[in-house]
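The structure under discussion appears below in the form of structure tokens.
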Amino acid sequence: MIAEVIVDVSAYPIDRPFDYVVPEEMRSVIECGARVKVPFGPRKVVGYVTRLKQETDLANSKMKAIDELLDLEPVLSTELLAIAKIVARETLSYEIDALQVMLPAAMRAKYEKFITIVEPDAIIDEDLRNLMQGRTRIPLKQVTSSSLLKMIKNYVAQGIITVDNSVSQQTKVKKVRMIHIEDSSTLASLLDTIPSNAKKQIQLIQWMKDHAGKSMEASKVIEASGVQQAVLKTVIEKGAATESHEETYRDPGVSQLQEAQIPYELTEEQQLALDKVNAASTTNKAETFLLHGITGSGKTEVYLQAISHVLKQGKEAIVLVPEISLTPQMTARFQARFGGLVAVMHSGLSAGEKYDEWRKIHRKEVKVVVGARSAIFAPFENVGIIILDEEHESTYKQEDTPRYHARDVAIWRSESFHCPVVLGSATPSLESYARASKGVYTLLQLSKRAKNQQLPAVSVVDMREELKEGNRSMFSRQLADAMHIRLEKNEQIVLFLNKRGFSSFVLCRDCGTVVECPNCDISLTYHRANESLKCHYCGHEEKVPLVCPQCESEHIRFFGTGTQKAEEEIAKLFPTARVLRMDVDTTRQKGAHERILRQFSEGKADILLGTQMIAKGLDFPNITLVGVLAADTTLHLADFRAAEKTFQLMTQVSGRAGRHELAGEVFIQTYSPEHYAIELSKSQHYEPFYQLEMTARKQYGYPPFFYITLIQFSHEDLMKVVAFADKGTTFLKGSLSPETIVIGPAAAAISRVNNRYRYQCLIKYKKEPKLIDTLQQLIKMYRTDWIKEGLLMSVDVDPSTIY
DNA sequence: AGCACGCCGACT
DNA sequence: GTCGGCGTGCTC
């Protein structure tokens, strides 16, 4: 028997299956999708079995045998193996990368070199003896001094020391010590043998008699009986109980926010949508739905009931949410409805916790997974429905290899399982809405709010007028007045600002110099907390200059507005208001999101001030006012999705107000009130925005009218990057169809990051059968020659941003 | 990607 | 003379 193995080496010539002989003893147990340890060249690596066969063209003499079978139960189903092939092909990534992305990071192999002393007596050196401390095998990386390293090399040559490579897994299954208490008669007779001065032992056995025959965790026994660890140990040795180590799951802690468990009564629209989705799941139809529902229209309830429906058929459900730690309310709702059947997967979990959640899915102990992007690869084998909430979110596109889009993977998987996909959004991506309009997806509309509340009244405030009237503050008079009223009424306010930090940049008013990052072509951001300037691209940090570095003028000051600056201004204007700030700086700690949101939900603050992350999912009854401090920030980005992003953001943020009994009001402050993305977010009407934006996309040749692929080049040397970008672009132009448009090369919007110059080239096409092939050739040239000259090149099919 | 093999300069 | 620099080529 021969196994085709994809080995854990990300390199161009290695990106193909290698044949290995399956040793006799593995033949009855080995399966596709299992991990194996194999010899590869002079070393050992982990690989994935992708096929088992009897024949090979390869000379028998070349073939080696599998070293070790790592999984008796395969970690990847044949379905996921097939999906990995599709992902690798469509995103032009290595198959091994596509396979690895499907598994929790904790399962990835760890490679470490070790040195082993074969002849301890031959080692005379004092330093080496000290380092070894009597051990015969230590990791090579513990040897730090170069003189010792040299010496070891010598010993290796003489055969006194050997170097070996260990391939281990980072995976650790958490074990707990369980105590199994004997029956009461055993305990009673044991009690007679305990000397009367051993009071603690007697106390423990007495306690055990009340719990005779039971099994419980050692820590619980110690806590409940009130004795020390040592006493327990002695008593066990005397035969009062037995102990064992059992597997357990780490407890990531369930969100505190709870919701009603009973399904809500559906509105007519919701029921209609649900019926259509249920019909598809009942008849095993791979149909993609676009559930377009305005904010507060109760999309989640439709998801929940559609999931109930598939669970009743004995199938599983995958639910994707943009980034789950942002919406603890969402998870809480799923857990309240489906209880222990839910696994949660998001970036806030530790590697061990993720691994445990993965194992619950793999063992089919849960039926529903709620998670961020990578949860699309949940190892279920009988999926009945896949849901992507907020389908327009760009976080569904992975920004590094494999650059897959969860929406695409969802549709591929739905075809394997013959199950429906539900894409839900109040502001669908133009691509999805266009597909729904063409009938590729089935459009489901929810046009009314579920509890029949009014949409909030949205006002657009022209900040140019404010400036003219002499108001230089970042709060317009209208917004400030509205805030005063809410504060008096003890209602809550959400303020949205799309920028963290204190202010966007530092500018000299005499010579116009903006302080820029020395490594990147971007201005630095002022951070109040440590009086520093930070680069958000490379992490460069420096002290705030007191005088202009160019002209030495003292008239150097901060411009623009960040969340920290806003917080300060609020303190000045509304001294009594209690403010919570939520941005990447205040939420870096684990659980900080939940803590801030809980504080706000418990009414411990009047104002929640935050960036992007507060736009989604907040659902608190007492929020009646939403203010967008600067709507323009996303509008003028050099990206074709800028208008769409702005409209989506405005609509999402506005949707936070007045979701319950109290009516909501929204103020959008902007310097471009006439822009259609802002103008139309006032009414929250998606359709007119869609029509206008489609006209613009058509005119400029962007998605959904054209597909796009972005090639990025970067090099430390400006001349070299230009030369390579030119070479690449010329090649593409010559190889692709004449109808395909190749734009560039041009300098990227941020033309230098981390001291590397960046150029890019954009391919636009409606139909390009040669695309994948041509890109493969380009990548081959890069991998074989260009990379050696220090060039970095990336290919992004269907990029989320070209900026 | 790693790792071994192999062919030329500066040191004990 | 040897140590070690990194160019070249291979991995079932």
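Chain naming here is simple, since letters A, B, ... match the order of the sequence lines and numbering starts at 1 in each. Note: hydrogens, waters and symmetry copies are ignored here, and every other heavy atom, side chains too, is used.
At a threshold of 4.0 angstrom between heavy atoms, the contacts of A:Ile2 with the nucleic acid are absent. Note on A:Tyr20: only backbone sugar-phosphate atoms sit closer than 4.0 angstrom, heavy atoms only; bases stay farther off. At the heavy-atom level, A:Arg783 lies nowhere under 4.0 Å from the strands shown. Among the protein residues, A:Pro13 comes within range of the nucleic acid bases, having at least one heavy atom under 4.0 Å from a base atom.
When the side-chain nitrogen and oxygen atoms of A:Lys64 are compared with OP1 and OP2 of C:dC12, one or more of them lie within a distance under 4.0 Å. In this structure, A:Lys113 does not reach the B:dG2 phosphate: none of its side-chain N or O atoms is under 4.0 Å from OP1 or OP2.
Exactly one of A:Phe18, A:Tyr20, A:Tyr111 qualifies for a ring pair (Phe, Tyr, Trp, His ring centres under 6.0 Å) with A:Phe40. That residue is A:Phe18.
Proximity note for A:Pro42 (side chain, C-beta onward) versus B:dC3, C:dC12, B:dA1: the nearest is B:dC3. The listed nucleotides are B:dA4, C:dC12, C:dT11; the one nearest the side chain of A:Met63 is C:dC12.
The distance from atom OH of A:Tyr94 to atom C1' of B:dA1 is 9 Å, rounded to the nearest whole Å. In this structure, A:Arg16 atom CZ and C:dC10 atom C1' are separated by 10 Å, rounded to whole Å. In this entry the distance linking CG of A:Asp67 with P of C:dT11 reads 18 Å, nearest Å. Rounded to an integer number of Å, the gap from NZ of A:Lys37 to C1' of C:dT11 is 18 Å. Atom CD of A:Glu789 and atom P of C:dG7 are 13 Å apart (whole Å). Spacing between atom CZ of A:Arg43 and atom P of B:dA4 amounts to 10 Å, rounded to whole angstrom units. Note: CG (A:Asn60) to P (C:dC12) measures 14 Å, nearest angstrom. Whole-Å rounding puts the A:Ile14 CD1 to B:dC3 P distance at 13 Å.
Between the side chain of A:Arg403 and the main chain of A:Pro799, no donor-acceptor pair closer than 3.5 Å is present.
Between A:Ser166 and A:Glu112, the side chains place no donor N or O within less than 3.5 Å of an acceptor N or O (distance only, hydrogens not considered). A:Asp8 and A:Gln100 share a donor-acceptor pair across their side chains, judged by distance under 3.5 Å alone.
Using a 4.0 Å cut-off between charged side-chain N and carboxylate O, A:Lys364 and A:Glu73 make no salt bridge.
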